[in-house]
Amino acid sequence: MSAPANAPLRGAREGEASLFRRLVARALARELHAFVVPGAEVARARGIDLEAAGLRLADTPRHASVLVLVGGLPEALKDAAAVAYAQMPRPRAVLAVGPGDVSPLPGPDVSVPPGQESLTRGVAELRRSFAGGAFAPEVAEFDVEALRTQTEYVCPMHPEVVSEEPGSCPRCGMDLVPRESAGGMDRGGDQGQDQGQDQGRGHGQTDNPGHDHAGHAGMDNDHGVHDQASQERSGQGGRDGAGRDATDHDPEGHPGRGEEELEADEEDATGYGCPMHPEVVGGGPGSCRVCGMDLVPREDAAAADGAAHGPAHGPAHGLAHGLAEARHGSRGGDGDEAHGDADHGEGSGGHEHHGEAEQDGHMDHGDGTGFMSMVEMTRDLPRGSDGLPMERIEVPFGPLFPGLPGGLRLSLTLDGDAVAEASAAGVEGRPFEGPAEPVGGFADRLSGLDPLSPVAYRVLALRAVEEAAGIPIDEETALGRAGALERERAASHLNWLMGFAHLLGHARLEARAARLQLALLRAQDAAEVARLRDEVGKLARGVERTPLLRRKLRGVGPLPTACATDATAFGPVARAGGRTTDLRAQEAVYPDLLGFEPALRDGDDALSRLLLRVEETRRSLDLVRRANAVSLLPFRPGGAYPDGTGSATVETPRGAATLRVWLEEGAVSRFELDTPSSAHIELAKPVAEGEELADALVGVASLDLSPWGPPPWVPPGAVR
Amino acid sequence: MTTLLMVLVLLAGAYLVAVLEGWVSTGRLRPAGPILSAVALLGRESLLPRKPDRIFFEVAPPLLLVSAVLAFAVLPLSPGLIAADLATGALFVNAALAFVMVALLMAGWGPDGAYAMVGGFRFLGQLVAYSMLIVMPITAVAMRAESLVTTAVVESQAALPNAVYQPFGLAAFLVAAMAVCFLPPFDLPTAPGELAGGVMAEYTGWRLAVMRLARAALVFTVAASVTVFYLGGWLGPVLPPWAWNAIKTLLVAAAMLLAGRFVPRLREEHLLAWCWKIGIPLALFNIFYVGVLLLVVG
């Protein structure tokens with residue numbers, strides 16, 4: 001099961017085990033902070049309470065000493081888990097809850113079967129391992145492919161120009177700057193660590209066109225190389241290219257270029273322009289009279305600049321923007337301003353005496369002190385919604401982010417702290433591979449698809465297969481399933497509420513929701529579930545009365561108006577906006593036997609989604625009370641399954657999921673699955689864009705996305 | 001000697017604040033918790049981010065601590081126990097606390113990480129919201145004491161503590177006090193669920209230990225300043241003066257730590273809007289109101 005207690009941890013810290021270190025190791029063993037992969041909500045959905053077992057949950061791997069893996073990880077998350085592990089300071093350990101291959105991580109230090117008791121035992125063992133093996137004289141490096149850094153060279157002006165070798169850009173002739181393309185940290189993760197849960201893609205990949213963070217480091221005043229490149233270029237181009245050197249601020253190094261050179265250029269082609277100065281237009285190829293760069297064909301100029309050239313180059317720049325921009329200056333080493341901005345500097349340096357260099361607002365900053373005016377630094381940046389230019393950075397939130405469901409990759413391009421662009425993606429489920437699944441195993445596998453609502457997918461599989469085989473459902477079975485579904489719905493909503501409260505920073509709500517959710521999952525029978533109804537009622541009243549909560553959530557995360565007409569929103573998200581899409585109302589068992597009525601609100605914002613889910617939780621427990629059963633009856637034992645096709649739809653906690661199955665020879669030969677979340681993930685973009693960062697996250701979280709997408713179907717015999 | 005004693009008191013206070021914080025967040029009172037946490041943090045690696053602004057990254061945690069220590073130095077614990085009895089003590093508190101913003105901005109900038117940077121700049125916005133609410137209530141407190149000397153401020157409350165004399169000032173000052181120590185619901189720069197730790201996210205090992213110590217010391221200092229300015233400092237019957245001061249300070253600290261559990265984190269725009277549209281008029285009214293009281297009642 002694991003190494004003996006005195007063996008060093010696989011992630012031990014280097015050092016002889018002195019008396020002092022042994023004492024420290026004991027303290028380490030008492031203070032275990034866990035970072036959960038894929039996420040705390042997956043552990044909670046399985047009824048596992050990590051805090052009760054003695055682990056404190058950490059929001060970032062930097063503050064964690066134990067990486068807890070819950071269940072088998074999908075391939076897509078393994079690299080993310082490896083990056084998180086590399087970010088943890090030593091001594092560190094891996095605790096696997098449930099089976100599953102953990103590579104590329106080092107084998108788990110402790111591995112336990114799922115369940116609260118075994119977890120408690122596992123934590124005790126982990127403590128012993130820490131106390132005895134937190135320090136070791138020799139420690140192994142942790143080095144996997146996902147962590148390696150590759151350097152590639154890109155043009156600061158043309159992001160599409162990427163080369164493996166240093167050189168100059170074929171389009172504008174600028175020197176290519178190095179950038180890290182994959183990975184985000186050094187070997188072992190001990191010294192070089194990049195930020196956050198970003199899959200190791202640090203700033204190396206958070207670039208926006210022309211504004212390359214990683215490029216800063218690469219531009220460390222290597223004048224020698226730059227000069228060389230410049231000379232090569234001037235040899236090829238037959239003109240003085242030294243003025244393009246982004247790091248050179250020495251006016252003497254740049255013989256001024258007169259306009260006669262520009263005029264002397266050929267004029268046979270049409271529509272040439274300067275990539276940096278849209279106002280400079282030439283009839284043919286040549287160089288810019290302001291900055292000396294080669295003119296490029298007009299389409300190219302437009303493509304290269306794109307959004308980079310805002311319409312207004314006015315001097316209105318806020319303090320925060322200036323500070324954000326100052327980042328360039330301080331990062332770029334002494335005085336070498338990276339980015340296209342450097343071209344202005346060089347332009348004014350080279351044309352110091354021509355006068356025209358200053359005419360369009362360029363300030364002379366070629367004095368080598370490293371000062372650069374804010375106007376200068378921000379003039380070519382894209383404008384945000386407030387009209388102020390900011391350097392945009394692309395920041396990954398996920399796949400392992402504490403405020404969002406684990407596995408969800410939300411990538412936000414921040415313009416200050418407003419979200420300029422957003423994209424979201426989920427995790428592809430593990431593929432179902434042929435040969436055909438026997439029906440019993442099929443239900444098991446489908447229920448393992450989404451760890452956040454296993455019961456709903458099991459019921460879906462059962463119903464679809466029964467439909468295909470023409471098996472009638474009796475009332476007892478229907479009621480039992482309804483009860484089980486409603487219990488899961490309540491637990492799922494509470495699980496979401498806990499994560500949402502964590503995002504909101506509302507500690508008490510988080511604790512209450514967690515307690516109720518676990519009690520609900522652990523309840524033995526319907527009567528016990530029904531007894532929790534009153535506590536859920538109290539929680540609901542508490543939510544409604546929480547000061548500041550309504551103010552914070554009202555108006556956050558509205559859906560685009562198109563959602564009102566075409567059905568892109570499902571389940572609670574749709575019902576919170578007043579759109580009835582509750583399939584339960586159409587099923588016989590709910591309205592007839594249980595007196596079900598769907599809950600509805602018409603707010604279409606995060607507040608309305610919160611209140612709707614709380615209300616649905618309450619109603620779900622009422623339904624369980626009336627159904628008085630929470631049993632999931634399995635397939636008819638020993639039943640025959642004739643060939644056929646069937647489809648079923650179930651209102652999962654996140655909306656309607658539809659499954660079509662094909663039965664052949666008593667087994668499922670093929671299926672198609674539509675999940676609500678695969679459509680909902682598309683909503684993250686409109687919900688987040690244009691919002692302030694906190695509101696964008698709240699808006700996305702309020703959608704209750706499940707990142708666990710449907711698996712691709714692999715036909716029997718196909719080779720992956 | 002006095003200075004040494006004050007340092008020990010501040011350390012003890014920070015320790016108790018850490019115990020209180022553990023109790024508030026986990027529900028368990030672990031008197032040895034902070035020691036274990038500190039030793040565990042010291043036993044772990046302190047990693048450097050990949051491309052840190054090394055000076056900013058290293059200086060930020062000690063600077064945060066220095067800011068708390070400086071502010072604490074001018075607060076009297078009992079009639080003779082004060083490290084530096086400045087003639088401008090009350091104003092000096094405000095000046096020392098200004099470094100909190102500098103420290104957090106540096107901590108946000110230093111590691112070259114997006115979460116930390118957003119956290120740092122958020123705190124700059126937070127400063128714009130709360131800074132007037134520190135100075136203006138202190139003004140009214142000094143008006144009553146007719147002095148900026150902190151011991152004089154305490155003595156001016158012999159008849160009636162400022163909490164009763166000028167409750168509006170207390171309300172404004174408490175908000176600012178919680179905002180300056182970025183306690184929930186004002187924890188915008190750290191924002192656990194939103195920024196994964198924000199300005200603290202990139203600190204590990206002993207650097208994180210210094211950061212947490214600084215934060216606890218800051219909470220204690222700010223609670224002590226509330227005690228001095230509004231709760232009559234060491235004044236009280238029966239118990240010795242230092243005990244009164246300690247009890248009041250810890251109660252204020254506990255209240256500040258607990259309050260954040262019951263409300264969600266504020267939105268930056270709301271914080272700014274409420275501080276400027278409600279807080280500052282309230283603080284101005286407080287100055288006017290105290291002025292009238294002083295003229296009429298004497």
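Only this structure's heavy atoms are used, side chains among them; waters, hydrogens and symmetry mates stay out. Just so we're on the same page: letters track the sequence lines, and every chain starts at 1.
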Item to check | Neighbours of chain A found in residues 208-215 of chain B - heavy atoms under 4.5 Å | outcome: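 The list, in residue order, reads L208(B), R212(B).
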
Item to check | Contacts with chain A made by residues 268-281 of chain B (heavy-atom distance under 4.5 Å), listed by residue number | outcome: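 So far as heavy atoms go, E269(B), H270(B), W274(B) are the residues that approach chain A to under 4.5 Å.
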
Checklist entry - What heavy-atom pair brings F397(A) and E194(B) nearest, and what distance separates the two atoms? => result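 Heavy atoms of F397(A) and E194(B) come nearest at CE2-O, 3.7 Å.
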
Item to check | Residue pair L693(A) / R122(B): nearest heavy atoms and the distance that separates them | outcome: CD2-NH2, 4.3 Å

Below 4.5 Å, heavy-atom pairs only: which of [options] has the largest tally toward chain B?
options                            : value
L404(A), L697(A), D695(A), T546(A) : D695(A)
G542(A), A64(A), A511(A)           : A64(A)
L23(A), L548(A), V698(A)           : L548(A)
R551(A), R56(A), E692(A)           : R551(A)

Next on the checklist: Less than 4.5 Å to any heavy atom of chain B: does that hold for the side chain of F135(A), its backbone, both, or neither?
Outcome noted: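 Answer is side chain: those atoms of F135(A) sit under 4.5 Å from chain B.
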
Is the side chain of [X] donor-acceptor paired with the backbone N or O of [Y] at a distance under 3.5 Å, no angle test?
X       : Y       : answer
R44(B)  : L28(A)  : no
H63(A)  : Y203(B) : yes
R508(A) : R261(B) : no
R13(A)  : G43(B)  : yes
R265(B) : L503(A) : yes

Checklist entry - Distance from R90(A) atom CZ to L47(B) atom CG, nearest 0.5 Å? => result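 Separation between the atoms: 9.5 Å.
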
Next on the checklist: Just verifying a value: how many Å separate L41(B) CG and H33(A) NE2, rounded to the nearest 0.5 Å?
Outcome noted: 7.0 Å

